[in-house]
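The shown structure was predicted, so the numbers you read here are calculated from the model rather than taken from an experiment.
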Amino acid sequence: MPKTITSRMLPFSACFALLLSACGERAPQLPTGALDQAAACGVVAAASEREAAGAKGELPADAQTRILHYAMLYASSGTALDEDKVNAVSKRMPALFDQTIKGDWHALQPTCAAAFPASRVSQPILPAKPLDAMLQCDALAAFLRKALADQGSTYAGAANAYGSFIEKLDPKLSVTLRAAGLRNGDALREKKLEELAAAAKLGQPPAVIDACEKAYAA
């Protein structure tokens, strides 16, 4: 469903071993533009995830999707998720890396939380309407599966897990779509992009998927 995310979610992971000990004199601040804010908060999230995981090795898949979440939230400012905006944030992150982590980058964490409150939601609540909930779960899982698959074999297992969830959800979703009179085509694709934007706003992507699995993959 989603377009290819042309930029790696974490194109500068090798720098994190250095940033953990880096310290400058100027207190960091978020940029003023919405695109740069999302990219800067993505950098802060990447630094936080790297600090938690340790300085070596690839980050876990869930960590990658939490970093990607900032791009998704920026891209969801309208009715439907704009995939070009997701790519724009991913491409912008490396350019903002140095200036974002100067000084105590930890001080930016509450600022990013205030700018992107959904990034802090770890216990999301799915919509009460089954059609909306299932479409959001399906759209989010498909988007994350594609994003992780594009990173290569490292995240193949996580990408396949999203695919397995989609397969379990599909029979229930198909029945609900038929009842609602929705069929494959441009209208359904646009509907899924709208529901993907709504899913991004529910909370952290791994937590949303967990809620989806409890609801529809048991």
Undergrad: Between atom OG of S76 and atom CZ of F116, what is the distance when rounded to the nearest 0.5 Å?
TA: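 Here the rounded value is 11.0 Å.
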Undergrad: Side-chain heavy atoms nearer than 4.5 Å, only ILVMFWY residues, links allowed to pass through others: does that put M93 and L96 together?
TA: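 Hydrophobic grouping puts M93 apart from L96.
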Undergrad: Given the rule in the side chain to side chain contact (heavy atoms under 4.5 Å, CB included) test, do L108 and L30 qualify, once you have shown the distances and angles that lead to the verdict?
TA: CA-CA 7 Å; L108 284 175; L30 283 184; 4.1 Å; yes
Undergrad: How far apart are the closest heavy atoms of A159 and A149, and which atoms are they?
TA: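 What the structure gives for the nearest pair is CB-N, 4.0 Å.
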Undergrad: Determine the minimum heavy-atom distance between S90 and L68, stating which atoms define it.
TA: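 Heavy-atom minimum between the residues: OG-CD1, 4.5 Å.
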Undergrad: Working to the nearest 0.5 angstrom, can you tell me the gap between Y162 OH and E213 CD?
TA: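 The OH atom of Y162 sits 8.0 Å away from the CD atom of E213.
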Undergrad: Does L173 belong to the same Ile/Leu/Val/Met/Phe/Trp/Tyr cluster as L182, with side-chain heavy atoms less than 4.5 Å apart forming each link?
TA: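 Yes, L173 and L182 fall within the same hydrophobic cluster.
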Undergrad: Indicate the atoms forming the closest heavy-atom contact of A80 with E190, along with that distance.
TA: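 Scanning both residues, the minimum pair turns out to be CB-OE2, 3.5 Å.
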Undergrad: Find the distance between CZ (R183) and CZ (R178) and round it off to the nearest 0.5 Å.
TA: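 Reported value, rounded in 0.5 Å steps: 8.5 Å.
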Undergrad: Is a side-chain donor or acceptor of S77 paired with a backbone partner of L73 at a separation under 3.5 angstrom?
TA: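 No, because the side chain of S77 does not come within donor-acceptor range (under 3.5 Å) of the backbone of L73.
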Undergrad: Membership question, hydrophobic clusters at under 4.5 Å side-chain separation (ILVMFWY): are Y70 and I67 in the same one?
TA: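 Unlinked, I67 and Y70 end up in two clusters.
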Undergrad: With rounding to the nearest 0.5 Å, note down the distance linking OG1 in T65 to CD in E49.
TA: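 T65 atom OG1 to E49 atom CD measures 8.0 Å (nearest 0.5 Å).
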Undergrad: Under a 3.5 Å distance rule, please check whether R50 uses its side chain to pair with a backbone N or O of G54 as donor and acceptor.
TA: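 Present.
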Undergrad: Please check if the number of heavy atoms outside K168 that lie under 6.0 Å from its NZ is greater than 12.
TA: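 No, NZ of K168 has 12 or fewer neighbouring heavy atoms, counting only those of other groups under 6.0 Å.
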Undergrad: Please report the closest heavy-atom contact between A211 and L126, naming both atoms and the distance.
TA: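 Heavy-atom minimum between the residues: O-CD1, 3.8 Å.
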Undergrad: Considering only heavy atoms from C-beta outward, does the side chain of F165 approach that of C137 to under 4.5 Å?
TA: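 Of all side-chain heavy-atom pairs linking C137 with F165, at least one is under 4.5 Å.
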Undergrad: Measure the CH2-OG1 distance between W105 and T100 for me, rounded to the nearest 0.5 Å.
TA: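 Nearest 0.5 Å value for the CH2-OG1 distance: 11.5 Å.
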Undergrad: Flag the pair K102 and D98 as a salt bridge only when some basic side-chain nitrogen lies within less than 4.0 angstrom of an acidic carboxylate oxygen.
TA: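 No, K102 and D98 are not salt-bridged.
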Undergrad: Hey, is the main chain of I166 close enough, under 3.5 Å, to the side chain of D170 for a donor-acceptor pair?
TA: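 No; zero donor-acceptor contacts below 3.5 Å.
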Undergrad: Looking only at heavy atoms, which two atoms of K201 and G78 are closest? And how far apart?
TA: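 Heavy atoms of K201 and G78 come nearest at NZ-O, 3.7 Å.
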Undergrad: Could you walk me through whether D138 and K192 pass the side chain to side chain contact (heavy atoms under 4.5 Å, CB included) check?
TA: CA-CA 8 Å; D138 178 77; K192 285 190 175 184; 2.9 Å; yes
Undergrad: Look at the side-chain heavy atoms of Ile, Leu, Val, Met, Phe, Trp and Tyr, link any pair under 4.5 Å apart, and say whether L81 and I209 land in one connected group.
TA: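 Yes, same cluster.
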Undergrad: Does S119 offer a backbone N or O that forms a donor-acceptor pair with the side chain of Q204 under 3.5 Å?
TA: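 Judged by distance alone, yes, a pair lies under 3.5 Å.
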Undergrad: Do H106 and E51 touch side chain to side chain, with heavy atoms closer than 4.5 Å?
TA: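 Yes, close enough: below the 4.5 Å cut-off.
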Undergrad: Could you verify whether a donor N or O on one side chain and an acceptor N or O on the other, from S48 and Q109, lie under 3.5 Å apart?
TA: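 Distance-only check passes for S48 and Q109.
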Undergrad: Do other residues, nucleotides or ligands put more than 12 heavy atoms under 6.0 Å from the CG atom of L188?
TA: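 Above 12, so yes.
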Undergrad: Determine, stepwise, if the pair D210 / K214 fulfils salt bridge (charged side-chain N to carboxylate O under 4.0 Å, His left out).
TA: CA-CA 6 Å; D210 284 346; K214 290 176 182 177; over 6 Å; no
Undergrad: State plainly whether one hydrophobic cluster holds both Y216 and L131, where clusters connect Ile, Leu, Val, Met, Phe, Trp and Tyr through side-chain heavy atoms under 4.5 angstrom apart.
TA: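 Yes; tracing contacts between hydrophobic side chains, which count when under 4.5 Å, links both residues.
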Undergrad: Give the minimum heavy-atom separation between L202 and V208, together with the two atoms involved.
TA: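 Closest approach of L202 to V208: CB-CG2, 3.9 Å.
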